[in-house]
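These notes are about the structure you will find just below.
Counting starts at 1 for both ligands and their atoms, in listed order. Along the sequence shown, residues are numbered consecutively beginning with 1. Nothing here was measured: the structure is a model prediction, and the numbers come from that model.
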Amino acid sequence: MTRILLRGCAGRMGRMIAELSKQSGDVTVAAGVDITPFEADFPVFTDLSECDVPADVLVDFTRADGIEASADYACRKGMALLIGTTGLSDTQRELLRKASEMIPVFLASNLSMGVALMARLCRDAASFLGDGYDAEITETHHNQKLDAPSGTALTLAEAVRSGFGTEAPYVYGRQGRAPRHPGEIGIHALRGGTVAGIHEVHFFGHDETVTLTHEAQSRGVFAAGALRVASFLAGKPAGWYSMSDVVSGGENGRTVTEETGSVVISDSPVASSFQQYGKDGWTVFLPESDEGRNAVLIRIEDPALDETAAAAVLTDLSCKGISFLLAQAEKGRVLLAVDPFERDTVMSFLS
Ligand SMILES: NC(=O)c1ccc[n+]([C@@H]2O[C@H](COP(=O)([O-])OP(=O)(O)OC[C@H]3O[C@@H](n4cnc5c(N)ncnc54)[C@H](O)[C@@H]3O)[C@@H](O)[C@H]2O)c1
């Protein structure tokens with residue numbers, strides 16, 4: 001039985017997760033934390049640092065400004081960390097990436113399986129249609145939602161951008177004299193009532209429109225996803241996990257790790273020889289020129305990849321317009337080095 005520490009237990013999502021856990025045979029709420037007083041059939045603390053109840057996974061559905069405390073607590077206790085809270089800054093994401101070197105971390109702007117599928121479909125649609133189609137995203141949520149646009153809309157925008165293979169700028173809402181520029185991705189937030197979440201991604205072309213829609217009919221879908229992910233994360237080794245790991249069971253799934261380093265680029269497109277780089281497994285071109293530069297190094301480990309499938313990963317990335325400083329595909333593993341500005345595109349494609 002996976003024991004969760006539920007931070008934000010008095011909130012809409014927290015209450016839904018606690019309720020669903022009662023019917024779950026896999027997950028139980030060991031304790032809750034909330035700054036709002038709350039009566040529950042598990043111990044509730046107003047301050048995370050006061051909680052000494054043993055648990056396997058810290059599940060956070062609070063506000064972005066408290067994320068550091070959750071990461072710190074989970075690292076100190078050696079617990080897995082599931083962050084459902086949205087509206088995080090780049091610095092906070094970076095902090096969670098660092099935490100994933102010590103503990104298993106899962107950051108999801110949306111925990112429904114349908115949205116995970118929609119992100120894939122958006123990437124494929126954008127890649128298929130090309131950036132001659134105008135992509136516009138609308139998201140609709142209840143009138144209490146704090147952040148705009150939703151984290152899910154941004155995830156879908158990243159998927160579209162990755163499919164286009166461009167650095168398409170995001171334009172949030174339009175007002176006044178605001179013509180649409182080619183290649184931009186429009187993102188628009190609607191707020192009202194009790195809507196759990198509707199996301200629509202439109203691709204407008206000449207005389208045709210393709211629209212992908214996801215509608216969450218209740219928060220139950222996110223709460224069920226949170227329980228499934230919590231159960232998956234418990235006991236996993238440190239790392240950065242995504243919904244595809246959960247779907248594949250993680251054991252045979254793909255893990256993608258990254259680090260920043262310096263790669264010396266060969267002048268020749270064909271490496272004459274390789275040498276070991278830093279940590280185990282990294283190989284790079286033997287330098288043929290002295291020109292050095294920084295790069296993001298990405299390693300994909302997937303036992304299911306045979307040599308052809310590993311090479312296909314590189315071909316797929318090339319088709320997306322991504323160029324490598326270094327690439328190597330072999331059975332079970334792909335190694336790449338990309339320019340830092342390509343990092344997000346590559347990671348959103350791989351995860
Ligand atoms: N990932 C997903 O699938 C998903 C789905 C729905 C909502 N969300 C996100 O989850 C978050 C919570 O949503 P909600 O609708 O439950 O909000 P909510 O306002 O109903 O609940 C938030 C709760 O967190 C508590 N809280 C705030 N700061 C805290 C702190 N520092 N320590 C302890 N408790 C604190 C509040 O008292 C409140 O009870 C939002 O960021 C929302 O966007 C994510």
Which atoms from ligand 1 have a heavy atom of Met13 less than 4.0 Å away?
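Under 4.0 Å from Met13, ligand 1 has these atoms: 6 (C), 7 (C), 16 (O).
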Pairing donors with acceptors under 3.5 angstrom, does anything connect the side chains of [X] and [Y]?
X	Y	value
Ser70	Arg7	yes
His141	Glu139	yes
Asp147	Thr86	yes

Under a 4.0 Å heavy-atom limit, does Ala108 contact ligand 1 with its side chain, its backbone, both, or neither?
backbone
Structural part of Gln144 in contact with ligand 1, heavy atom criterion under 4.0 angstrom:
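Neither part.
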Name the orientation class of the two ring planes belonging to Tyr172 and Tyr170 (parallel below 30°, tilted from 30 to 60°, perpendicular beyond 60°).
perpendicular
Arg15 heavy atom under 4.0 Å from ligand 1
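The answer is no, since Arg15 has no heavy atom less than 4.0 Å from ligand 1.
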Judging by distance only, is a nitrogen or oxygen of [X] under 3.5 angstrom from one on ligand 1?
X	result
Thr86	yes
Gly8	no
Arg63	no
Lys145	yes

Students should be able to answer this: which protein heavy-atom is nearest to atom 21 (O) of ligand 1, and at what distance?
Gly11 CA, 3.2 Å
For atom 19 (O) of ligand 1, find the nearest protein heavy atom and state the residue, atom name and distance (0.1 Å precision).
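Ranking protein heavy atoms by distance from atom 19 (O) of ligand 1, first comes Arg12 NH2, 3.5 Å.
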Show the nearest heavy-atom pair for residues Cys51 and Leu5, with the distance to one decimal.
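Where Cys51 meets Leu5 most closely, the heavy atoms are SG-CD1, 3.7 Å.
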Just by modelled atom types, is the Leu156 backbone N or O under 3.5 Å from a matching donor or acceptor in the Arg123 side chain?
no
Is a donor on one side and an acceptor on the other found under 3.5 Å between the side chain of Lys98 and the backbone of Glu94?
no
Which is closest to atom 38 (C) of ligand 1 in terms of heavy atoms, Thr155, Val33, Asp34?
Asp34
